[in-house]
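Input: a single structure, listed below in structure tokens.
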Number of protein chains: 2
Amino acid sequence: MPRPSSSRPTDSELEILGVLWDKGAATVREVHEELSLRKPTGYTTVLKFMQIMMDKGLITRREQHRVHVYESAVPREATQSELVRDLAQRAFGGSALELAMRALESNRATPGELDKIRRLLDQAEKGRR
Amino acid sequence: MPRPSSSRPTDSELEILGVLWDKGAATVREVHEELSLRKPTGYTTVLKFMQIMMDKGLITRREQHRVHVYESAVPREATQSELVRDLAQRAFGGSALELAMRALESNRATPGELDKIRRLLDQAEKGRR
DNA sequence: GTGTGTCAACGAAGTTATTCGTAACAAAAC
DNA sequence: GTTTTGTTACGAATAACTTCGTTGACACAC
């Protein structure tokens, strides 16, 4: 039986997913090296997490020339959307828009980013007509 | 010593904060009643959380005619901003804008909300000139 | 004053998340 | 062939979060 999708990845799991999303695929050692740049982390700690994530179905692996090569089993964008939905639910009365506004408020956007957002808005407006 | 601000409120704490933000102030019983509408919750469970939140400094209370009346000690908007920053950090490489865009993507906004966002954008644009 | 109801305090237990030591194993180096 | 190195697997310790039963204090009704 699959886990309920209500459970989000933990902080540690998300860090590892981030590395796998960036690299596409990686061994435990590679993930460990990447994470070590940001903060002290034990190799077996990372390994353990990745084993747990296998059990949860968050990542997949294949054996290749003696080592395991891991890949994310969940797409980055979908996971981000879930996390946003989840946070909107928990802290914004369910409104992803309120969340978006709070995110925009405290931010210096580049003109390119502002354009991107405007296009999104236009699309949204078109969508409702 | 105060807790590091890095620790976000837990899910349960956030639910309680939400009620207190809405009501302004409330007793344990009132919070419990509100939460019970959404899901089964034990009274002493809520009480325990609120005692823990007192210890953490998330809420304050005053004794009033035999019962304790609680209030949030952290402002709603500031907490929301922190949570957004935190999620941006953990899942969007630190970019609150990427987060905002992801939030806007999967959303049907009302015209009023779209206007509000446009005004925010205009402000942002003015801000950088 | 005894009973009833409301509430706060406390302690304990269950669950999940985090961390890492130790062992097992195989390939490569010697 | 023994040692070293890089890896996976396992198990356990700790901490954080969640849940609730039990107890005791107080006040109001009778």
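Computed from heavy atoms alone, side chains included, the values below leave out hydrogens, waters and symmetry copies. Residue numbering restarts at 1 for every chain, and letters A, B, ... go by the order of the sequence lines.
- As a whole-Å value, the separation of B/M50 CE from C/dA8 P is 9 Å.
- Here D/dA16 presents its P atom at 17 Å from CG of B/D11, a figure rounded to the nearest Å.
- OP1 or OP2 of C/dA17 lies within a sub-4.0 Å distance of a side-chain N or O belonging to A/K56.
- Distance, A/E13 CD to C/dA17 P: 7 Å, rounded to whole Å.
- Residue B/T10 has its side chain nearest to D/dT18 when only C/dA17, D/dT18, C/dA9 are considered.
- Considering only the side chain of B/T45, D/dC20 comes nearest among C/dT18, D/dC20, C/dA8.
- Considering CG of B/L20 and CD of B/E13, their distance stands at 11.5 Å, rounded to 0.5 Å.
- Residue-to-nucleotide contacts include no donor-acceptor pair under 3.5 Å from the side chain of A/K48 to the base of C/dG21.
- Using a cut-off of 4.0 Å between Lys/Arg side-chain N and Asp/Glu carboxylate O, A/R102 and A/E98 are scored as not salt-bridged.
- Among the heavy atoms of the strands lying under 4.0 Å from A/S12 are primed sugar atoms or P, OP1, OP2 only; no base atom is included.
- Between the C1' atom of D/dA9 and the CZ atom of A/R61 lies a distance of 9 Å, rounded to the nearest Å.
- Within the structure, every side-chain polar atom (N or O) of B/Y43 is placed at least 4.0 Å from both OP1 and OP2 of D/dG21.
- Within the structure, every side-chain polar atom (N or O) of B/R66 is placed at least 4.0 Å from both OP1 and OP2 of D/dC26.
- When the P atom of C/dT6 is taken as reference, atom CD of B/Q64 falls 19 Å away, rounded to whole Å.
- Atom CG of B/L14 is separated from atom P of D/dC17 by 13 Å (rounded to the nearest Å).
- Taking only side-chain nitrogens and oxygens, B/Q51 never comes nearer than 4.0 Å to OP1 or OP2 of C/dC10.
- Sequence order on DNA chain C of the closest nucleotides to A/G42 and B/R29 puts B/R29 first from the 5' end.
- Closest non-hydrogen pair, A/A73 versus A/G57, comes out as CB-O, 3.4 Å.
- Here the shortest heavy-atom pairing between B/E34 and B/V19 reads CG-CG2, 3.6 Å.
- Between B/D86 and B/R8, the closest heavy-atom pair is OD2-NE, 2.9 Å.
- In this structure, A/I52 atom CD1 and C/dT16 atom P are separated by 12 Å, rounded to whole Å.
- Regarding A/H65, its NE2 atom lies at a distance of 12 Å from the P atom of D/dT7, rounded to whole Å.
- The side chain of A/H68 sits closest to D/dT8 out of D/dT8, C/dT19, D/dT22.
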